[in-house]
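Presented below is the structure to which this report refers.
The first residue in the sequence is number 1, and the count goes up from there.
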Amino acid sequence: SYLLYGDFTTASSTEVRNLSQNNRALTGAKHVYDDGNVRATSFVSRTAQTQQVEEFRAVGTSGPYYLSATGGEFIDNSEQVEVVVRDRNQPNLVLQRTTVARFVDYTIEPLTRRILFTHAISSVDANLNPQSIRVTYEVDAGGPKFTVAGTDVQVKVGDNLQLGVVASTDENPENRRKLGALTAVARVGENTTMAGEWVRTESDKNGKGSGGRVELRHQTEDLAVVALASKTSTGFDNPGASFSAGRTEASAPGEDRIGRRTPLRR
């Protein structure tokens, strides 16, 4: 448990949070309480910053990639860069997100907003799923300051169930946003887990919206299955989510083994 005043990020490490993810780089106060059964994270910031998200298709080179940073001045050290793997048959489904580190994996020039990686980023992964580079960063619009705040409470209920409540608000006068969510993770067998979240959003531009997501994972030495189903309404508004508004997607990729060394993917 700790209390921090300074620079922090708001992204949650809880894997169940996908539609409700809040990924900001802010300056303010952040409090984390963790006693092993309850983990509560809260933050508040007074800022004039707005969040921008850009995604570039990887082309098999180290770059460069240029951020547009429209509507304000780019805030140095605010960027969060991820390599995103999307399903080749359903591009809206994110299979994997890997955060990369500044100076280790890439460099950025603040004035030109040029990102250059230290190694080439392949256009596809080993399974021929397309890869992209997703950059979340802040710009200073130069207007009056407003409040950005949020909280995430995760509670373990016994050994096999975890429940969570999420709430956040962004009082940016250009587009006020509110978000509320319920999350759950349950172990339904020795090798099987199920996770789900229900999210409700409200914003000046898109009005009221909602989204839901369910994920089932089964993992053994001979069989691995990940079944996903997600749905969002047209009014859903959360830039931190990897799933866009007005979409319905479902998939159930799996892998089993023929012998000890031959995987069969389907």
Practice task
Would you mind reporting whether V155 and N37 have side-chain heavy atoms less than 4.5 Å apart?
Solution key: no

When E54, Q49, Q51 are each screened for side-chain hydrogen bond (donor to acceptor under 3.5 Å, both in side chains) with Y137, the one that passes is E54

### Message
Assess whether a salt bridge exists between R86 and E55, defined as any Lys/Arg side-chain N lying under 4.0 Å from an Asp/Glu carboxylate O.
### Response
yes

In this structure, OG of S210 is separated from CG of L19 (nearest 0.5 Å) by 10.0 Å

Residues Q52 and S68: closest non-hydrogen pair is OE1-OG, 4.2 Å

Applying side-chain hydrogen bond (donor to acceptor under 3.5 Å, both in side chains) to Q154 and not counting sequence neighbours gives D152, Q162, T183

_ILVMFWY network linking I133 to I115, side-chain heavy atoms under 4.5 angstrom_ = yes

Value for CG (L216) from OG1 (T193), rounded to nearest 0.5 Å, stands at 7.0 Å

State whether the number of non-hydrogen atoms from other residues, nucleotides or ligands found under 6.0 Å of E109 atom CD is greater than 12. yes

Rounding to 0.5 Å, atoms OG (S123) and CD (Q131) come to a distance of 8.0 Å

Is there a side-chain contact between V135 and Y65 in this structure, where contact means two heavy atoms from C-beta onward sitting under 4.5 Å apart? no

Closest heavy-atom pair, S45 versus T27, reported as atoms and distance to 0.1 Å, is OG-O, 2.6 Å

What one should report as the nearest heavy-atom pair of V16 and G196 is CG2-O, 3.4 Å

### Query
Heavy atoms, side chains only, cut-off 4.5 Å: are E138 and D140 in contact?
no

CG of L26 to CZ of R46, rounded to nearest 0.5 Å, is 12.5 Å

- Query: Under a single-linkage definition using a 4.5 Å side-chain heavy-atom cutoff for Ile, Leu, Val, Met, Phe, Trp and Tyr, are V44 and L4 assigned to the same hydrophobic cluster?
  - Reply: no

* Asked: Below 4.5 Å, heavy atoms only, C-beta onward: do L116 and S62 meet side chain to side chain?
  -> yes

Worksheet entry | Joint cluster assignment, I121 & I108, ILVMFWY side-chain distance < 4.5 Å | yes

d(K30 NZ, Y5 OH) to nearest 0.5 Å is 15.0 Å

Residue set satisfying side-chain hydrogen bond (donor to acceptor under 3.5 Å, both in side chains) with D76, at least two apart, ordered chain then number -> R102

Check your understanding: Are L67 and F56 close enough, and set up right, to give a side chain to side chain contact (heavy atoms under 4.5 Å, CB included), and what steps lead you there?
Key -> CA-CA 10 Å; L67 302 177; F56 307 93; 3.9 Å; yes

Check your understanding: For L179 and N22, what are the C-alpha separation, side-chain angles and deciding distance, and is it a side chain to side chain contact (heavy atoms under 4.5 Å, CB included)?
Key -> CA-CA 10 Å; L179 180 147; N22 187 341; over 6 Å; no

### Pairwise side-chain contact, L228 with E249, heavy-atom cut-off 4.5 Å (strictly under)
no

Hits for ring pair (Phe, Tyr, Trp, His ring centres under 6.0 Å) against F243, two or more places apart or cross-chain, chain-then-number order -> none

Q. Could you go step by step and tell me if V199 and N238 meet the side chain to side chain contact (heavy atoms under 4.5 Å, CB included) rule?
A. CA-CA 10 Å; V199 186; N238 180 21; 5.8 Å; no

Scanning both residues in full, the closest heavy-atom pair of P173 with F146 reads CD-CD2, 3.7 Å

Between R97 and E82, is there a side-chain N and carboxylate O pair less than 4.0 Å apart?
yes

Scanning both residues in full, the closest heavy-atom pair of V139 with T70 reads CG2-O, 4.1 Å

_We want to know whether T169 and R177 form a side-chain donor-acceptor pair, criterion being a heavy-atom distance below 3.5 angstrom._
no

Checking K178, R176, R24 against D170 for salt bridge (charged side-chain N to carboxylate O under 4.0 Å, His left out), the one that qualifies is R24

Handout entry: Over 12 foreign heavy atoms within 6.0 Å of CD, E174
Key = no

CD of Q96 to CG of D125, rounded to nearest 0.5 Å, is 8.0 Å

For F8 and V32, run side chain to side chain contact (heavy atoms under 4.5 Å, CB included): C-alpha distance rounded to whole Å, both residues' side-chain angles, the deciding distance at 0.1 Å, then the answer. CA-CA 12 Å; F8 59 86; V32 175; over 6 Å; no

Practice task
Determine whether W198 and V157 fall in the same hydrophobic cluster, where Ile, Leu, Val, Met, Phe, Trp and Tyr are linked whenever their side-chain heavy atoms lie under 4.5 Å apart.
Solution key: no

Between T232 (side chain) and G246 (backbone), is there a donor-acceptor pair under 3.5 Å? yes

*asked:* Check this for me: does any side-chain nitrogen of one of R17 and E197 sit under 4.0 Å from a carboxylate oxygen of the other?
replied: no

ILVMFWY network linking V166 to F43, side-chain heavy atoms under 4.5 angstrom
no

Note: S233 and A245 closest approach over all heavy atoms is O-CB, 3.6 Å

Tell me whether D35 at atom CG has more than 12 heavy atoms from other residues, nucleotides or ligands lying less than 6.0 Å away.
yes

